[in-house]
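Here is the structure we will look at, set down as structure tokens.
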Amino acid sequence: MYKLISDKNGARRGEFVTNRGTVQTPAFMNVATAGAIKGAVSAEDLKEIGCQVMLSNTYHLHIRPGDEVVRDCGGLHKFTTWEGPILTDSGGFQVFSLAALRHIQEEGVTFHSHVDGKKIFMGPEESMQIQSNLGSTIAMAFDECVENPAEYSYSKASCERTTRWLERCKTKMHQLNSLESTINREQMLFGINQGCTYNDLRINHMKEIADLDLDGYAIGGLAVGEPAEVMYDVIEHVTPHMPQNKIRYLMGVGTPLNILNAVERGVDLFDCVMPSRNARHGHLFTSKGIININNKKYEYDMTPIDENCGCPVCQRYSKAYIRHLLKSTEMLSQRLLVMHNLWFYNNLMTDIRKALDEGRFAEFKAEQEEILGRRI
RNA sequence: GUGGUUGUAGCUUAGUUGGUUAAAGCGCCAGUUUGUGGCACUGGAGACCGUGGGUUCGAAUCCCAUCUACCACC
């Protein structure tokens, strides 16, 4: 259940209540595709760095270790030991990212496993069954994330199919939640808006799925190569047609700047691999801009990654040491780098909420825009 | 001491019977990364080819000397 606390010129401050705790929004979800944050970051670490929601992936967990394994081991919460809310992505994105290995039909999609090449069929019912077995707090609808650019006619047909798939997801989830053997019988379902960069398709699709009265609504298929202005324009056109009393999730986005701009346009929830992936390659977010800790200028630098940062890494470790660990491919580097970047993102969301609470979001955004995109 | 093998980028090596600006991996320097098939990807700098002579229109490549390292024998 979503409670809107305030709505100032579009930007929303709210609370999202789940049976695993309440999420303060706007919020950023930390991506743990296979049930773990890449870079040796544990569930305890996640708590320490201010993570509210963990995100895992249906497709990847279905392939390995298998959703039935997770179910028989007590569900994803017990399996990973993460006690807070977990959102599972449906596998829809893999339709797009594993494009070379898939075949889409009305019933669903046939994939070839990237692990052993085995043929796997996934449709709305299969995705719901898997997510139910995983026992996540929130299940995402099985959609098609259309590539960009895409033809208008293809995007339209794909949208219509995604709507039909969504109806099937809802029916299947309702059925699964009524079973006594289901791990989380209060599993929530979010629908996903598509329509490529065609605003009329986006708006029509949003109106259609809003009628289905789901637990939340996502905007998918963005940040796949289109310019940021185009993405903002789509968001601006779609959010007015999203239910006010439901949480709004922009999938896979993005940079700190993207997030500020999306919050301004009424988005509540985000996820992105950027902080973790970039961290593993030494690309770090700081209160003064972006740094690449591989750079030689940090060889002797005994100051923390960010002097204004409250993360556990910046309390103890220096750039010189972390740079050395990264250059030496020590595993510890990955852990320290990822923890810093995730803390930065989680803290950015805390600052955004605070600014919203204090009625100075516009000033905060203007001030951060100056800083966050620049490289130092 | 005698015979043999070896010497090409910071490191490990490729360089066809002599033929344009000597190639690669690693390392180094820098960049990219948006619902994670990523310790990945892209680019850049870096070599008077052990040294000195010689043959040739032309030598990393052939010849001589010398130095270095290793091996075998006395």
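Just so you know, these numbers use all the heavy atoms, side chains as well, and skip hydrogens, waters and symmetry mates. Residue numbering restarts at 1 for every chain, and letters A, B, ... go by the order of the sequence lines.
- Checking A:R375 against A:A32, the closest nucleotide of RNA chain B that is more toward the 5' end is the one next to A:R375.
- Atom-to-atom, CG of A:L337 to P of B:U33 comes out at 18 Å; the value is rounded to the nearest Å.
- When the P atom is used for both B:U20 and B:G27, the distance is 31 Å, rounded to whole Å.
- Using a 4.0 Å heavy-atom distance criterion, A:L87 is classed as making no nucleic acid contact.
- Residues satisfying the side chain to side chain donor-acceptor pair (under 3.5 Å) criterion with A:N245, sequence neighbours excluded, are absent altogether.
- Residue A:R335 is out of contact with every strand shown, counting any heavy-atom pair closer than 4.0 Å.
- Spacing between atom CG of A:L326 and atom C1' of B:C29 amounts to 14 Å, rounded to whole angstrom units.
- A:I293 has its CD1 atom 17 Å from the C1' atom of B:U33, to the nearest Å.
- When rounded to the nearest whole Å, the span between CG of A:L257 and C1' of B:U33 equals 16 Å.
- Comparing atom distances between the A:N278 side chain and each of B:U33, B:G35, B:U34 picks out B:U33 as nearest.
- Nucleic acid contact class of A:E330 (heavy atoms, under 4.0 Å, all strands): none.
- For the pair A:R375 and A:H283, the minimum side-chain heavy-atom distance is below 4.5 Å.
- Phosphate contact (OP1/OP2 of B:G31, side-chain N/O of A:N294, threshold under 4.0 Å): absent.
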Side-chain atoms of residues 326-333 of chain A: list all donor-acceptor pairs with protein atoms under 3.5 Å, sequence neighbours left out, distances to 0.1 Å.
residue, atom, partner, partner atom, Å
A:S328, OG, A:H324, O, 2.7
A:S328, OG, A:H324, ND1, 3.2
A:S333, OG, A:E330, O, 2.8

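- Nucleic acid contact for A:S333: none, since no nucleic acid atom lies under 4.0 Å from a heavy atom of the residue.
- Using a 4.0 Å cut-off between charged side-chain N and carboxylate O, A:R12 and A:D7 make no salt bridge.
- Between the CG atom of A:N148 and the C1' atom of B:G35 there is a distance of 15 Å, rounded to whole Å.
- Using a 4.0 Å heavy-atom cutoff across all strands shown, A:G39 reaches no nucleic acid atom at all.
- With respect to the salt-bridge test (charged N to carboxylate O, under 4.0 angstrom), the residues A:D357 and A:R13 qualify.
- Counting only heavy atoms from C-beta outward, the side chains of A:Q131 and A:S90 approach each other to under 4.5 Å.
- Nucleic acid contact for A:N295: sugar-phosphate only, since backbone atoms but no base atoms lie under 4.0 Å from a heavy atom of the residue.
- With sequence neighbours left out, the ring-ring contact (aromatic ring centres under 6.0 Å, His included) criterion links A:Y249 to no other residue.
- For A:R265, the side-chain contact (heavy atoms from CB on, under 4.5 Å) test picks out A:Y232, A:I235, A:E236, A:N261, with sequence neighbours left out.
- If you take atom P in B:U13 and the same atom in B:G52, they sit 24 Å apart, rounded to whole Å.
- Remark: A:K296 is not in phosphate contact with B:A45, judged by side-chain N or O atoms under 4.0 Å from OP1 or OP2.
- Only the P atoms considered, B:C48 is 23 Å distant from B:G58, to the nearest whole Å.
- In this structure, A:D143 places its CG atom 8 Å from C1' of B:G35, rounding to the nearest Å.
- The residues A:K172 and A:E126 are annotated as not salt-bridged, no charged nitrogen and carboxylate oxygen being separated by less than 4.0 angstrom.
- At a threshold of 4.0 Å, the pair A:K296-A:E299 counts as salt-bridged, since one of the basic side-chain nitrogens sits closer than that to a carboxylate oxygen.
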Sequence-aligned protein contact record of nucleotides 37-42 of chain B, with B where the base is within under 4.0 Å of a protein heavy atom and S where only the sugar-phosphate is: BBSB--
Pairing annotation in dot-bracket form, given for RNA chain B with Watson-Crick or G-U pairs under 3.5 Å and | for cross-strand partners: (((((.(..((((.....[...)))).(((((.......))))).....(((((..]....)))))).))))).
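- The distance between atom CG of A:N292 and atom P of B:U33, rounded to the nearest whole Å, is 12 Å.
- Between the CG atom of A:L284 and the P atom of B:U33 there is a distance of 15 Å, rounded to whole Å.
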